[in-house]
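Report on one structure; see the data block that follows.
Every value quoted in this text rests on a predicted model; they were computed, and no experiment measured them. Per chain, numbering begins at 1; letters A, B, ... match sequence-line order.
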Number of protein chains: 2
Amino acid sequence: MISIKNKLSEKGLKITPQRMSILEAIYSISHPTADDIIKFIRQEHSNIATGTVYKVLDTFVQKGLIKKITTDKDVIRYDSLLTHHHHLHSSEDVLIKDYIDEELDEILNEYFQKKKINGFKIEEITLQIKGKFNE
Amino acid sequence: MISIKNKLSEKGLKITPQRMSILEAIYSISHPTADDIIKFIRQEHSNIATGTVYKVLDTFVQKGLIKKITTDKDVIRYDSLLTHHHHLHSSEDVLIKDYIDEELDEILNEYFQKKKINGFKIEEITLQIKGKFNE
DNA sequence: TCTTTTATGAGAATTATTCTCTTTTAAGAA
DNA sequence: TTCTTAAAAGAGAATAATTCTCATAAAAGA
């Protein structure tokens, strides 16, 4: 809990029970939607206004505490893993898993160091790897 | 126009004025949203029901005539470019450009031929390349 | 403890999308 | 060409996700 408070104050955010619950929820649920977070908080703790959740999530994204993930399949999801990574998307359902691969990142960096894209300055490369999870 | 008809009948789809307009719109607008398509058709030609547009877009995706693209920023967009490619996403606005790079695809294929991902069978790899477009 | 700024709550509003059901139409058969 | 029928389109209601508004509450520093 102390570390959640720290994460908020590190970013200059006021510490409120709502923000702490939301951040806890994001750490507890894998790639949650806003609705997942609302349900989690309402079941575990007290009530929370949906508007608050959306507003706080925006704030967290702005401050770099979490990231958005998008898929073809449904609404926006949030990701608490901040180290650079990619995503494995199930082609059959909604499942998403994080995929960390520094060797791959290295290869991509080298590749795009040589091969410039005309009129475009790369900031971040994320792979959407679509496929099938077995068992 | 004949080629649009052909594209529909190739996929076993009935040729209707609505489907032709929608397909035309997708070819005319870069990475349109459903709403972009509706506006385009209503300004150029006749009226069309929004439900029809959504239904037809789904059908087209199902049949492989177009693909969905997602961004962090807004709603689902559609892509008429069918050859495998990646996307350059502006970090400043909503602009998306197609990025075709067969050399890169080759490198990725080779890489993942060697390095298997445990419990996952890759079907398609798409890069989301975020950055800045300079004029 | 007080003050001020910022956050939260409640619910209305908006937006995107889907659904339902009736009417229309494309396309192959006669 | 006309007929038949399955499939598509239309209209608009319904739903879902998200945003907005504004009054109230509560952090955090003075």
Side-chain angles (χ1 to χ4, degrees), chain A residues 1-2 4-25 29 31-42 45-63 65-66 68-78 94, chain B residues 1-2 4-25 29 31-42 45-63 65-66 68-78 94:
Chain A
M1 188 65 92
I2 199 110
I4 286 196
K5 282 191 185 173
N6 280 348
K7 279 176 196 297
L8 291 172
S9 48
E10 265 171 24
K11 300 293 179 175
L13 294 172
K14 279 193 186 170
I15 294 162
T16 70
Q18 291 80 355
R19 283 178 174 172
M20 289 196 293
S21 306
I22 293 169
L23 205 47
E24 256 190 286
I29 314 168
H31 306 111
T33 63
D35 194 55
D36 292 337
I37 293 166
I38 292 167
K39 285 194 178 115
F40 181 89
I41 292 172
R42 287 190 178 159
H45 312 276
S46 54
N47 195 24
I48 192 166
T50 63
T52 302
V53 173
Y54 283 102
K55 225 176 305 166
V56 169
L57 287 170
D58 271 1
T59 308
F60 286 177
V61 171
Q62 232 82 64
K63 294 287 180 178
L65 275 172
I66 58 174
K68 286 186 179 185
I69 331 173
T70 51
T71 73
D72 290 13
K73 305 224 186 60
D74 61 356
V75 296
I76 289 175
R77 291 170 176 276
Y78 297 88
V94 142
Chain B
M1 187 65 92
I2 200 110
I4 286 196
K5 284 191 183 174
N6 280 348
K7 279 176 194 297
L8 291 173
S9 47
E10 263 171 25
K11 300 291 181 177
L13 293 173
K14 277 193 188 172
I15 294 161
T16 69
Q18 290 81 355
R19 285 180 172 171
M20 289 197 292
S21 305
I22 292 169
L23 204 47
E24 256 190 286
I29 313 168
H31 306 110
T33 63
D35 195 55
D36 292 337
I37 292 165
I38 291 166
K39 286 195 178 112
F40 182 89
I41 292 173
R42 287 190 177 158
H45 312 275
S46 53
N47 196 22
I48 192 165
T50 63
T52 302
V53 173
Y54 284 101
K55 223 175 309 166
V56 168
L57 287 171
D58 271 1
T59 307
F60 286 178
V61 171
Q62 232 81 65
K63 295 286 180 177
L65 276 171
I66 58 174
K68 287 185 177 185
I69 333 173
T70 51
T71 73
D72 290 14
K73 305 226 185 61
D74 61 355
V75 296
I76 288 176
R77 292 172 174 276
Y78 296 88
V94 141

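With values rounded to the nearest 0.5 angstrom, I48(B) atom CD1 is found 8.0 Å from I38(B) atom CD1. To the nearest 0.5 Å, atoms CD (E24(A)) and CD1 (I4(A)) are separated by 4.5 Å. For the atom pair CD (Q62(A)) and CG (L57(A)), the distance works out to 11.5 Å, reported to the nearest 0.5 Å.
Atom CE in M20(A) sits roughly 14 Å away from atom P in dA26(D) (whole-Å rounding). Following rounding to the nearest Å, L8(B) (CG) and dA7(D) (C1') show an atom-to-atom distance of 14 Å. Rounded to whole angstrom, the span from the CD1 atom of I38(B) across to the P atom of dT17(C) amounts to 9 Å. For the pair Q62(A) CD and dT6(C) C1', the computed distance is 16 Å after rounding to whole Å. What separates CD1 of I48(B) from C1' of dA8(D) is a distance of 11 Å, to the nearest Å.
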Exercise. Show your working on side-chain contact (heavy atoms from CB on, under 4.5 Å) between E10(B) and L65(B) and close with a plain yes or no.
Key: CA-CA 10 Å; E10(B) 263 171 25; L65(B) 276 171; over 6 Å; no
Quiz item: Would V94(A) and R77(A) count as a side-chain contact (heavy atoms from CB on, under 4.5 Å) if you check the C-alpha gap in whole Å, the side-chain angles of each, and the deciding distance to 0.1 Å?
Solution: CA-CA 11 Å; V94(A) 142; R77(A) 291 170 176 276; 3.2 Å; yes
Self-check item: Stepwise side-chain contact (heavy atoms from CB on, under 4.5 Å) test for F60(B) and R19(B)
Solution: CA-CA 9 Å; F60(B) 286 178; R19(B) 285 180 172 171; 4.1 Å; yes
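Base-pair partner of dA30(D): dT1(C) (Watson-Crick or G-U wobble, both distances under 3.5 Å).
The minimum heavy-atom distance between A34(B) and V53(B), with the atom names listed, is O-CG1, 4.1 Å.
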Quiz prompt | Under 4.0 Å protein heavy-atom contact, by nucleotide of nucleotides 15-23 of chain D - B base, S sugar-phosphate only | solution = --SBBB---
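Just one residue in the list D36(B), T33(B), I69(B), V61(B) forms a side chain to side chain contact (heavy atoms under 4.5 Å, CB included) with Y78(B), and that residue is V61(B).
For residues 11-19 of chain B, proximity to DNA chain D is found at K14(B), T16(B), Q18(B), R19(B), defined as any non-hydrogen atom under 4.0 angstrom from a strand atom.
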